[in-house]
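We name chains A, B, ... by the order of the sequence lines, and we start the count at 1 in each one.
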2 protein chains.
Amino acid sequence: MAADQLSRVFAALADPTRRDMVARLAVGDATVGELADPYDVSVQAVSKHVKVLTDAGLVSQTKDAQRRPCHLEAEVFDLMTKWIERYRQQAQERYDRLDAVLAEMRDDERPTKHRNRKQGAAS
Amino acid sequence: MAADQLSRVFAALADPTRRDMVARLAVGDATVGELADPYDVSVQAVSKHVKVLTDAGLVSQTKDAQRRPCHLEAEVFDLMTKWIERYRQQAQERYDRLDAVLAEMRDDERPTKHRNRKQGAAS
DNA sequence: GTCGTTGTCAACCATTCGGTTGAGGAGCCG
DNA sequence: CGGCTCCTCAACCGAATGGTTGACAACGAC
C-alpha cells in the first residue's frame with residue numbers, strides 16, 4: 001500500500017476524475033451524488049474515488065441525513081507544496097549554479113571525454 | 001493510460017522510491033546505476049522508475065558512453081504548483097468567508113425537498 | 001409501517017504497476 | 001577481437017486499481 005500520506009495524496013491526484021472532483025469541491029461542498037452527476041460512471045465508483053480522496057486527507061465527509069457532503073481540506077495541499085518547493089528550489093539552484101560549474105570544468109580539462117564522472121555526490 | 005502530463009507527474013511522485021530519487025537528483029545528476037545504489041532492488045526496476053519519471057517530464061537523460069546521467073527538470077514542478085495553488089486558494093478562500101454567503105446565494109434553487117443542504121451545487 | 005433516495009460494502013473482472021529474471025545492445029578497455 | 005560495464009527490453013508474476021453489478025443499511029417522505 002502507499003503507506004505514507006504524501007504517497008496517498010499524489011496517488012489520489014494522479015487520477016483526472018479525482019482531480020476534477022477536487023476542482024469541483026474547491027467551488028463548494030457537494031454530496032456524493034452531486035459529485036457523481038457529471039460523470040457517466042456509477043455512484044459506487046464515485047464513492048470509491050471519494051474514499052481515496054478522504055484517505056489521502058484531501059476531503060472530509062460529514063453526515064446530512066442519507067447524504068454525505070464532501071468538503072475539501074486545504075491543509076494537505078500545503079504538504080505537497082512544501083515537498084515540491086523543496087526540491088524544485090534545489091534543482092533550480094543547482095541549475096543556476098551550472099554555469100559556474102561548467103566553466104570550471106571547461107577550464108579544468110580538455111575534451112578527453114569523461115575522466116571522472118560524477119558530480120552526483122555533491123554535498 | 002493516464003494520458004495527460006499532470007496525471008503522469010502525480011502518478012510518478014506517488015511512489016516513495018521515485019520521490020526519493022527526485023530528492024537525490026535535486027542534489028545533482030546521477031546515472032541509473034548511482035540511482036540504483038541505495039536501494040536493494042534490481043537495476044532494471046530502477047531503470048523502469050527512471051522511465052516513469054522521464055515520461056512525466058520530471059527527469060531528462062543524456063548519453064555519456066554507456067551511462068545515462070539523469071537530470072532533474074525543474075519546470076514540471078511549476079505545473080504541479082500551479083494546479084495545487086489554484087484549488088488550494090479557492091478552498092481557502094471559501095473556507096475563510098464561511099458558508100453563510102454562499103448558502104444565501106444558493107437559497108433560491110432548492111429542489112422541492114430538503115432545502116437544508118449546504119452550497120453543494122456548482123453551476 | 002412501507003417506499004424511494006442516498007450511499008457504502010462485497011464480489012468480481014480487466015488493466016496497470018512494481019518487482020523479478022533473462023537476453024542483448026552499446027560502449028570502453030586490454 | 002573478446003570481455004566487462006551500464007543500461008534497456010521482454011516476459012512473467014502478484015498485488016493494487018478502477019470499473020462493474022448486486023445487496024443492504026440509513027434515513028426522510030408518505
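Nucleotide C/dT20 holds its C1' atom 19 Å from the OH atom of B/Y39, rounded to whole Å. Here the C1' atom of nucleotide C/dG18 and the CZ atom of B/R19 are 15 Å apart, to the nearest Å. Rounded to an integer number of Å, the gap from A/Q44 CD to D/dT21 C1' is 7 Å. Atom CZ in A/R18 sits roughly 12 Å away from atom C1' in D/dG19 (whole-Å rounding). Here the C1' atom of nucleotide D/dC7 and the CD atom of B/E34 are 13 Å apart, to the nearest Å. As rounded to whole Å, 17 Å separates atom P of D/dC9 from atom CD of B/Q66. Remark: P of C/dT16 and CZ of B/F10 are 21 Å apart, rounded to the nearest angstrom. Atom-to-atom, CG of A/D15 to C1' of D/dG18 comes out at 8 Å; the value is rounded to the nearest Å.
By the 30° and 60° cut-offs, the orientation of the rings of B/F10 relative to B/W83 is perpendicular.
For B/E75, there are no salt bridge (charged side-chain N to carboxylate O under 4.0 Å, His left out) partners, not counting sequence neighbours. B/E73 is linked by a side chain to side chain donor-acceptor pair (under 3.5 Å) to B/S60, counting only residues two or more places apart in sequence or in another chain. With sequence neighbours excluded, the residues forming a side chain to side chain contact (heavy atoms under 4.5 Å, CB included) with A/A56 are A/R8, A/V9, A/A12, A/L58, listed by chain and number.
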Check against side chain to side chain contact (heavy atoms under 4.5 Å, CB included), B/K63 and B/R68: CA-CA 5 Å; B/K63 306 188 58 162; B/R68 296 288 178 277; 3.6 Å; yes
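Legend: salt bridge (Lys or Arg N to Asp or Glu O under 4.0 Å) pairs involving residues 35-57 of chain B, not counting sequence neighbours, sorted by first then second residue: B/K51-B/D55. Pairs of residues two or more places apart, or lying in two chains, that qualify as salt bridge (Lys or Arg N to Asp or Glu O under 4.0 Å) and include a residue from residues 11-20 of chain B are A/D4-B/R19.
Counting any heavy atom pair closer than 4.0 Å across all strands shown, B/A45 reaches a base atom.
Look at B/T31 and you'll find a side-chain N or O under 4.0 angstrom from OP1 or OP2 of D/dC7. For the pair B/Q61 and D/dT8, the criterion of a side-chain N or O lying under 4.0 Å from OP1 or OP2 is met. The side chain of A/S42 contributes no N or O atom lying less than 4.0 Å from OP1 or OP2 of D/dG19.
For B/R68, taking side-chain heavy atoms from C-beta onward, the closest of the listed nucleotides C/dG7, C/dC28, D/dC7 is D/dC7.
Of the residues near DNA chain D, A/V43 and A/A65, the one whose nearest nucleotide (by heavy atom distance) lies more toward the 5' end is A/V43.
Within residues 46-54 of chain B, the residues that have a heavy atom under 4.0 Å from DNA chain D are, in order of number, B/S47, B/K48.
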